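First up is the structure itself, then whatever we jot down about it.
In this text the structure is predicted, and so the values were computed from the model without any measurement. Both counts, for ligands and for their atoms, begin at 1 and track the order of listing.
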Amino acid sequence: MANMKDAHTPLGCLAFEADIIDGKAFAAGLMARVKTEVDEIRSTGDKVPGLAVVLVGEDPASTVYVASKRRETQAAGMNSFEHRLPATTSQDDLLTLVGQLNADPTVHGILVQLPLPSHLDADAVIEAIDPAKDVDGFHIANAGKLAVGQTALVPCTPLGCIMLLKDRLDDLTGLHAVVVGRSNIVGKPMAQLLLQEDCTVTVAHRYSRDLPTLTRMADIVVVAVGRPEMVRGDWIKPGATVIDVGINRVIQDGKSRLVGDVAFAEMGHARAITPVPGGVGPMTIGCLLSNTLEAFRRAQARDAAAVKENL
Ligand code: NAD
């Protein structure tokens, strides 16, 4: 955990007292634990977890994400299956591939990289994935289970955020958490996870009135909006913990750089904050591997139960 005590802040050059939450180091630890478990599985059985990633088209950002998922999957000792389809792929052909992956016993996790080309119906594709292999946690069955508190595969980004929060704050009981953003992949599951930790949860979105007043009430602020540095220092009460999910590319002083949805330099009075990059981002892929391992373990348990039933 770095502590930028001497950093300059635009708010009157106050010392920057907030701890910086090192998501990169936390994710490295998570991935090392996954690898250790996979190594054990490999040494004791004939199966290892397998993750299939489907990329349709050649969106440059998606291509980079998919390559890094393949690298990390292999580094964890899992099988990586990559399916690259042309941008002209039909809905039927994509659904056929998903069906094949659902039926393939060597595939324990399926991830269809989003966004899909505009002629494809992403919702229908996600709903076609076997919920037991839905390591992105986007299937309606997993979203529903999360909402009612049943065991589910949980979307990777909010899962990473809750891991960082629990590591930092230990017990979240009774804390007031404000989640800014209500997308199905970040904001809504984040709110559900915070509720499961017995937080009092407020979900804000583009139509919320007087957002700064809402966020100033919070002990925990999670921001997933996609607007560069929208959340300012005076929106955050002293001692609050801030999780910045946003990833925005901006041009500053003629240079391209990544910034979050939170004005990082103004957060010196927070208790702790995730930086961008190096905060939430690395956790997402760590949680993808952890979800794939979890899906594998559940598949093994189901197979063992089926064998027992047939004895
Ligand atoms: P989204 O576009 O699906 O949702 C954005 C949400 O922000 C919406 O619910 C909208 O109501 C809300 N919003 C928009 N403008 C607002 C405003 N002015 N005030 C309050 N709320 C407002 O986005 P998303 O997929 O949830 O992603 C959000 C951000 O998180 C993006 O920057 C994205 O790149 C980033 N992201 C990062 C990771 C990661 O791994 N770190 C993963 C997913 C998304």
Quiz prompt | ring pair (Phe, Tyr, Trp, His ring centres under 6.0 Å) partners of residues 87-136, not counting sequence neighbours, each pair once | solution = His108-Phe296
Quiz item: Going by the salt bridge (Lys or Arg N to Asp or Glu O under 4.0 Å) test, which pairs reach into residues 34-44, not counting sequence neighbours?
Solution: Lys35-Asp39, Glu37-Arg297
Quiz item: For the residue pair Ser62 and Leu114, what are the closest heavy atoms and their distance?
Solution: OG-O, 3.9 Å
Exercise. Looking only at non-hydrogen atoms, find the nearest pair between His139 and Ile129 and report the distance.
Key: CD2-O, 3.1 Å
Which pairs of nitrogen or oxygen atoms, taken one from ligand 1 and one from the protein, are under 3.5 angstrom apart?
{"residue": "ligand 1", "atom": "9 (O)", "partner": "Arg182", "partner atom": "N", "Å": "2.8"}
{"residue": "ligand 1", "atom": "11 (O)", "partner": "Arg206", "partner atom": "N", "Å": "3.1"}
{"residue": "ligand 1", "atom": "15 (N)", "partner": "Arg227", "partner atom": "NE", "Å": "2.9"}
{"residue": "ligand 1", "atom": "21 (N)", "partner": "Arg206", "partner atom": "N", "Å": "3.2"}
{"residue": "ligand 1", "atom": "26 (O)", "partner": "Ser183", "partner atom": "OG", "Å": "2.6"}
{"residue": "ligand 1", "atom": "32 (O)", "partner": "Ile247", "partner atom": "N", "Å": "3.1"}
{"residue": "ligand 1", "atom": "32 (O)", "partner": "Ile247", "partner atom": "O", "Å": "3.4"}
{"residue": "ligand 1", "atom": "40 (O)", "partner": "Thr284", "partner atom": "OG1", "Å": "2.8"}

Side-chain polar contacts of residues 179-195 - donor-acceptor pairs under 3.5 angstrom, sequence neighbours left out - could you list them?
{"residue": "Ser183", "atom": "OG", "partner": "Val186", "partner atom": "N", "Å": "3.1"}
{"residue": "Asn184", "atom": "OD1", "partner": "Lys188", "partner atom": "NZ", "Å": "3.0"}

Exercise. Might you point out which heavy atoms bring Thr292 and Gly109 nearest each other, and give the distance in Å?
Key: CG2-N, 4.5 Å
